[in-house]
K.L.:
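This is the structure I want to talk about, given as structure tokens.
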Amino acid sequence: MKKLLFILIVSSFCSTLSAQTYKTYRIAYVLTPYGNYDPENAFITIADGQICYKKNGSEKHWLSMYRGIYKEQPTKGVTFQYECFQLMKLDKMIRISKTKNVKHNGKFYYAMYVDGQLQLAE
């Protein structure tokens, strides 16, 4: 019985870790305050407890904490899921959609909200 309980605890812990996103996104566009999309060419890498931002040869690293899944339901029957990460020292939140749900110029992108600003990523 103890072994079964131990296996259940370990498997639930592993499934929690596997829900996190460990990948690199290319930020293609950033929404401006005027409602236009400005082209962008930057990369953001989500790693274990850390987020790395690369642009024009320079890099910035922040410690981060995985905050789980955030669900948004803009209309009835439509639900979007975002994985949330908190940047520790800056006290900012990054939400990255689990599916490509924003269409721009005929192509779908991941929606990435960085402190409330929409960025389109591939």
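All values derive from a computational prediction rather than experimental measurement.
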K.L.:
Looking at residues at least two apart in the chain, or sitting in another chain, which of them share a side-chain hydrogen bond (donor to acceptor under 3.5 Å, both in side chains) with Thr32?
P.N.:
none
K.L.:
List the atom pairs, with distances to 0.1 Å, where a side-chain N or O of residues 113-122 and a protein N or O form a donor-acceptor pair under 3.5 Å, not counting sequence neighbours.
P.N.:
from: Gln117; atom 1: OE1; to: Gln119; atom 2: NE2; distance (Å): 3.2
from: Glu122; atom 1: OE1; to: Lys107; atom 2: NZ; distance (Å): 2.4
from: Glu122; atom 1: OE2; to: Arg26; atom 2: NE; distance (Å): 2.8
from: Glu122; atom 1: OE2; to: Arg26; atom 2: NH2; distance (Å): 2.5

K.L.:
Considering residues at least two apart in sequence or located in another chain, which fulfil the salt bridge (charged side-chain N to carboxylate O under 4.0 Å, His left out) criterion with Lys100?
P.N.:
none
K.L.:
Within the structure provided, determine whether Arg95 and Glu72 are in side-chain contact (heavy-atom separation under 4.5 Å).
P.N.:
yes
K.L.:
Output all residues satisfying side-chain hydrogen bond (donor to acceptor under 3.5 Å, both in side chains) with Gln50, sequence neighbours left out; order by chain, then residue number.
P.N.:
none
K.L.:
Could you pull out the closest heavy-atom pair between Tyr53 and Glu40, with the gap in Å?
P.N.:
OH-OE2, 3.9 Å
K.L.:
Before giving the answer on side-chain contact (heavy atoms from CB on, under 4.5 Å), spell out for Tyr25 and Ile96 the whole-Å C-alpha distance, their side-chain angles and the decisive distance to 0.1 Å.
P.N.:
CA-CA 10 Å; Tyr25 299 91; Ile96 304 169; 3.5 Å; yes
K.L.:
Report yes or no: do Ile44 and Leu87 belong to one cluster of Ile/Leu/Val/Met/Phe/Trp/Tyr joined by side chain heavy-atom distances under 4.5 Å?
P.N.:
yes
K.L.:
Among Ile, Leu, Val, Met, Phe, Trp and Tyr joined by side-chain contacts under 4.5 Å, find the other residues sharing a cluster with Leu63 and list them by chain and number.
P.N.:
Met65, Met88
K.L.:
According to a hydrophobic-cluster definition based on side-chain heavy atoms being under 4.5 Å apart (Ile, Leu, Val, Met, Phe, Trp, Tyr only), do Ile46 and Met93 belong together?
P.N.:
no
K.L.:
Among all residues two or more places apart in sequence or in another chain, which pass the side chain to side chain contact (heavy atoms under 4.5 Å, CB included) test with Thr24?
P.N.:
Phe43, Thr45
K.L.:
How many angstroms lie between atom CD1 of Ile51 and atom CD of Gln86, to the nearest 0.5 angstrom?
P.N.:
10.0 Å
K.L.:
Do Leu31 and Tyr34 come close enough that some side-chain heavy atom pair is under 4.5 Å?
P.N.:
no
K.L.:
Looking at residues at least two apart in the chain, or sitting in another chain, which of them share a side chain to side chain contact (heavy atoms under 4.5 Å, CB included) with Thr79?
P.N.:
Lys71, Gln73
K.L.:
Please name the pair of heavy atoms, one in Asn41 and one in Lys55, separated by the smallest distance, quoted to 0.1 Å.
P.N.:
O-CG, 4.2 Å
K.L.:
How about Asn101 and Phe108: do any of their side-chain heavy atoms sit closer than 4.5 Å?
P.N.:
no
K.L.:
In Å and rounded to the nearest 0.5 Å, what is the OG to CZ distance from Ser97 to Phe80?
P.N.:
8.5 Å
K.L.:
Applying side-chain hydrogen bond (donor to acceptor under 3.5 Å, both in side chains), can you list everything that pairs with Gln81, at least two apart in sequence or on another chain?
P.N.:
none
K.L.:
Got a sec, which residues hit salt bridge (charged side-chain N to carboxylate O under 4.0 Å, His left out) with Arg67, two or more places apart in sequence or on another chain?
P.N.:
none
K.L.:
What closest approach, in Å, do Tyr70 and Cys84 show between heavy atoms, and which atom pair accounts for it?
P.N.:
CB-SG, 3.3 Å
K.L.:
Could you measure the distance from the NZ atom of Lys92 to the OG atom of Ser64? Nearest 0.5 Å is fine.
P.N.:
14.5 Å
K.L.:
Please name all residues satisfying ring pair (Phe, Tyr, Trp, His ring centres under 6.0 Å) with Tyr29, sequence neighbours left out, ordered by chain then number.
P.N.:
His104, Tyr109
K.L.:
Given side-chain contact (heavy atoms from CB on, under 4.5 Å), test Cys52 with Lys60 step by step and report yes or no.
P.N.:
CA-CA 6 Å; Cys52 177; Lys60 293 181 182 179; over 6 Å; no
